Amino acid sequence: MERTFRVMRCDPEKDKKPYLQEYQVSARDGMTVLEGLFYIQRRLDPSLAFRFSCRGSVCGSCAMNINGRNRLGCETQVSSLKGVIKVRPLGHFKVLRDLVVELDGFWEKYRRVRPYLIPSSLPPEKERLQSPEERGRIGDTADCILCANCHGSCTVTGTDSEYLGPAALLKTDRFLRDSRDVAGDERIRIVDGVHGIWRCHTILSCQDVCPKELSPTSSIMDMRKRLVRKRGNDGR
Amino acid sequence: MIYHQAIIVGGGLAGLRAAIELNRWGIDTAIISKVHPLRSHTVAAQGGINVAIGNNPLAASDSPETHAFDTIKGSDYLADQGAVLKMCRMGPGLVYEMEHWGCPFSRNDEGRIAQRPFGGADFPRTCYAADRTGHALLNTIFERAVYHEIAIYSEYLVTSLALDDGVCQGLIALDLKSGMLVPFSSDAVIFATGGAGRLYGRSTNALINTGIGTAIPYRAGVPLKDMEFIQFHPTTLFGTNILVSEGARGEGAYLLNKSGERFLADYEDSREKMELSPRDIVARNMVREMEKGGGFEGGHLHLDLRHLGKQKIEERLPGIRELSMKFAGIDPEMEPIPVQPGQHYTMGGIDTDAEGKTVVKGFFAAGECACVSVHGANRLGGNSILEALVFGAIAGEGAASYIEGKEKMREEGMVLDSLKREEEEIKNLMASAGKERVPDLWEGINRVMDDNVGIFREERSLKEGLDKVRELKERSKALALSYKGKSFNYELYWGLELQGSLDVAEAVILGALERRESRGSHFRRDYPVRNDGSFLKHSIVKYTEEEPSLIYRDVDIILFEPKERRY
């Protein structure tokens, strides 16, 4: 079945502004949007640029805006979309070319939250013990694939370039929830500020677009509660 | 020119682990990767990582030696036994270390790392983080690399090594963003570039696993080893060939034919262990069952999880459920999953010793791109990320001690010479008026490998395959690009990968053609029996300007005498 893909194109070296280009894609059963883009790149227009790797919803490379919503191209079935398939780069990021966006700032924010375990003592000879309940507390917060769908959909990241954003804040919560980590106070200090957890407007768009159905918003709310409780305990 | 004491190509588990080892030695280290490290194929590993730590009550008497035996038997006795023993003995410490660095492993009731059964293993020794073990390990090791502030060059496609009289001086890489070739000078280089699964069309592998990292050293004179051994995973999603973890069978899932029978009972070599027979055996019997008419239309069978129950599926196999729903439109709690075998792993690779060293001084390899060999003719599930972890660390240490003891000075001139050559090549490719297009040739490789070099092989189809690949190589000389832009030129990217992949495909087929026996994953219908007299040997393929040359090398057998492989 023929489907129309309308893709936003841009080569900042020569295009003053982005433009839309249409392609007719012969869509077989089960075709995903990523496969549709490969169809275009291989058969119609080799200049089309987009990121890819696992094509199986685990690596986070192919985050893009499809019919107005941030999704992974690899797991979005063409048949699930009505009418013209409109593909744009993730919002809030500088476009490097076509669907490829500059993610340096995103990774910089990831680094800023100290995204690694900070344990209390030298490790034992074997593993640190962690009960299934304690492991359960980390829950799915460790399942984030850092695709940046959330960052690109968040209304706050769009207006405040300093805002840490949903993915980095979720990463903070992932370590706060880990029984082996002792840097809770420091982690909270990093996110406690006008560009941190207090900036979230709870619009829930991050949760809405997460391909892993995670909820950065819940993590942000949990961290706020934790901070308020701590202030109470500190007698403020 | 950019200089780092050590440069690692590839940001998956092996590459990042090597970087951390070098960092421990105080050596300035950089990672170069054509994708951001977290997009590496390690992320797709599902089921787990094998180490004999005896956390499962059923594995109290497990030991690294038993693990080594299972691995060697699984390899159909082609693995080098000293190397296997080393891996199985070092594994526990390195897995504990990953736990110490924060890996969110699943836990047993005692709070220890949980372990599940896997195919071909005598004890349940596969440590896991639900069915997202690769994701958990890759994130943890990347987090550690961030902690150590290791330099990372993302989206740089390495195109060649700079060698001077058998000594590695650095490499050349294409910065995808700027479209410029960048020279890197370094005292040691480690390749950890993953497998070559995308030579095949029907593969579980990420689309980045083209084998270019295998091709670059091969074309520079480093031999490849045991390339004919390609693993086909029994359970990949019908249609997309996305992996369905062996962990599913480890947790008790059934393989069923169209009559709903557990057909593995009908085949002598899988009767005993059934779904937990090793991968090569299960994959072959699936094909045999389909050839007998037991398959569903289009060529698939069923993997049935329903009897495991909702709780177990959601707790231990949530990723499988998610992938089945997203890519096959099936909820495995309600319906069986349609599966077929698909290419999964490259047992062969860059010829290294058990220290990760190659014939080129200062050039090391680790992980799936390398062949130590610890997997021999068939890899056991749960041993690939173990290999990446262990030999990543070993290659890092090897490179560190090489750098410390190095006498000869760096030769930046060599790197500049290589840069000039590469610039010339790309200029010529860009200016080529040839008629051949990149995607057509890629389709050609995929078709040959799927059709002629699959699970069952024989002389005629292999010869035909070799001819076809050589024809494709010839055609690739007339390769032309229609897009001339610089930034993120993926036509150029796929074109550069293509040429190397053709050479790797040729090496695979040559090895398969000349190995006139059946061993592990390599099954010849015309030579269905293992022949230790002639072929208990590693195949070593060397690149030459004309045709590759093939020699054989003895296997290191120090502990377990080869026996008939029965389960």
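Letters A, B, ... mirror the listed sequences (proteins, then strands); counts begin at 1. Since the structure is predicted, the reported quantities are computational estimates derived from the model, not experimental observations.
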If you look at every heavy atom in A:Gly56 and B:Leu323, which pair is closest and at what distance?
O-CD2, 3.2 Å
Of the backbone (N, CA, C, O) and the side chain (C-beta and beyond), which part of A:Glu102 lies under 4.5 Å from a heavy atom of chain B, both, or neither?
side chain
Which atom names give the shortest non-hydrogen contact between A:Cys54 and B:Ala206, and what distance separates them?
CA-CB, 3.8 Å
Find out whether B:Arg132 and A:Asp143 are in side-chain contact, i.e. whether some heavy atom of one side chain is under 4.5 Å from a heavy atom of the other.
yes
Whatever's closer than 4.5 Å to a heavy atom in chain B on A:Asp11 counts as side chain
Does the pair A:Lys212/B:Glu322 count as a salt bridge with the N-to-O cut at 4.0 Å?
yes
Cut-off 4.5 Å, heavy atoms of chain A, and the answer for B:Thr240 is backbone
Which one of A:Glu134, A:Gln41, A:Glu133, A:Arg111 has the most heavy-atom pairs closer than 4.5 Å to chain B?
A:Gln41
Pick one of side chain, backbone, both or neither for A:Phe50, based on which atoms fall under 4.5 Å of a heavy atom in chain B.
backbone
With side chains defined as the heavy atoms from C-beta onward, is the minimum distance between B:Glu99 and A:Pro123 less than 4.5 Å?
no
State, with a plain yes or no, whether a side-chain heavy atom of B:Leu481 is found less than 4.5 Å away from one of A:Pro46.
no
Please say whether more than 12 non-hydrogen atoms of neighbouring residues, nucleotides or ligands are located less than 6.0 Å from CD in A:Glu108.
yes
Can you find a pair of side-chain heavy atoms, one from B:Ile242 and one from A:Arg55, that are under 4.5 Å apart?
yes
Can you tell me which of A:Arg174, A:Glu35, A:Gln130, A:Arg42 forms the most heavy-atom pairs within a distance under 4.5 Å of chain B?
A:Gln130
Of all the heavy-atom pairs spanning A:Asp104 and B:Lys177, show the shortest one and how long it is.
OD2-NZ, 4.4 Å
Within the 4.5 Å heavy-atom criterion, are A:Leu48 and B:Phe488 side-chain neighbours or not?
no
A:Arg114, part contacting chain B, at a heavy-atom distance under 4.5 Å
neither
Pick one of side chain, backbone, both or neither for A:Ser57, based on which atoms fall under 4.5 Å of a heavy atom in chain B.
both
So for B:Asn205, is it side chain, backbone, both, or neither that comes closer than 4.5 Å to the heavy atoms of chain A?
backbone
Crowded around B:Glu149 CD? As in, over 12 foreign heavy atoms under 6.0 Å?
no
Measure the spacing between CZ of A:Arg135 and CD1 of B:Ile113 and express it to the nearest 0.5 Å.
12.0 Å
Tell me if the CZ atom of B:Arg202 is crowded by more than 12 foreign heavy atoms within 6.0 Å.
no
Relative to chain B, which segment of A:Pro12 carries a heavy atom at a distance below 4.5 Å: side chain, backbone, both, or neither?
neither
Using the rule given for ring pair (Phe, Tyr, Trp, His ring centres under 6.0 Å), can you reason through A:Phe38 versus B:Trp442, listing the C-alpha separation, both sets of side-chain angles and the distance that settles it, and then say yes or no?
CA-CA 13 Å; A:Phe38 272 118; B:Trp442 265 112; over 10 Å; no
Heavy-atom proximity to chain A below 4.5 Å, by part of B:Asp109
both
Once you round to the nearest 0.5 Å, how far does CZ of A:Arg128 lie from CZ of B:Arg107?
10.0 Å
With a 4.5 Å cut-off on heavy-atom pairs, point out which of A:Ser131, A:Pro124, A:Cys147, A:Gly136 contacts chain B the most.
A:Pro124
Okay, B:Tyr493 and chain A: the region with an atom under 4.5 Å from a heavy atom over there is side chain
The reported gap from NE2 in B:His100 to CG in A:Leu122 (rounded to nearest 0.5 angstrom) is 10.0 Å
To the closest 0.5 Å, what do you measure between CG (B:Leu38) and SG (A:Cys144)?
9.5 Å
Aromatic centroids of A:Phe52 and B:Tyr490 separated by under 6.0 Å:
yes
Do B:Tyr147 and A:Leu117 come close enough that some side-chain heavy atom pair is under 4.5 Å?
no
In terms of heavy-atom proximity below 4.5 Å to chain A, should B:Ser203 be classed as side chain, backbone, both, or neither?
backbone
With A:Glu127 as partner, the option from B:Met98, B:Arg112, B:Glu97 fulfilling side-chain contact (heavy atoms from CB on, under 4.5 Å) is B:Arg112
Side chain from CB out, backbone as N, CA, C, O: work out which of these in A:Ile145 comes under 4.5 Å of a heavy atom of chain B, or both, or neither.
both
Determine the minimum heavy-atom distance between A:Leu96 and B:Ser487, stating which atoms define it.
O-OG, 4.4 Å
Passing option when A:Cys59 is tested against B:Val43, B:Leu138, B:Leu207 for side-chain contact (heavy atoms from CB on, under 4.5 Å):
B:Val43
To the nearest 0.5 Å, what is the distance between OG (A:Ser53) and NE2 (B:His36)?
12.0 Å
Just checking A:Glu213: does its CD atom have more than 12 heavy atoms from other residues, nucleotides or ligands closer to it than 6.0 angstrom?
no
Selection from B:Asp440, B:Thr204, B:Val35, B:Val438 maximising heavy-atom pairs under 4.5 Å formed with chain A
B:Thr204
Note, A:Tyr110 side chain near B:Phe142 side chain (heavy atom, < 4.5 Å):
yes
So does A:Lys171 pair up with B:Glu143, basic N to acidic O under 4.0 Å?
yes
NZ of B:Lys326 to CG of A:Leu72: how many Å apart, nearest 0.5 Å?
7.0 Å
Under a 4.5 Å cutoff for heavy-atom pairs, which residue among A:Thr76, A:Ile138, A:Leu146 has the most contacts with chain B?
A:Leu146
Engaged part of A:Gln77 at the chain B interface, taking heavy atoms whose separation is under 4.5 Å
side chain
Does any heavy atom of chain B fall under 4.5 Å from the side chain of A:Arg180, the backbone, both, or neither of them?
side chain
Count the heavy atoms of every other residue, nucleotide or ligand shown that sit under 6.0 Å from CZ of A:Arg88, and state whether that count exceeds 12.
no
Can a salt bridge be assigned to the pair B:Glu155 and A:Arg51 using a cut-off of 4.0 Å between side-chain N and carboxylate O?
yes
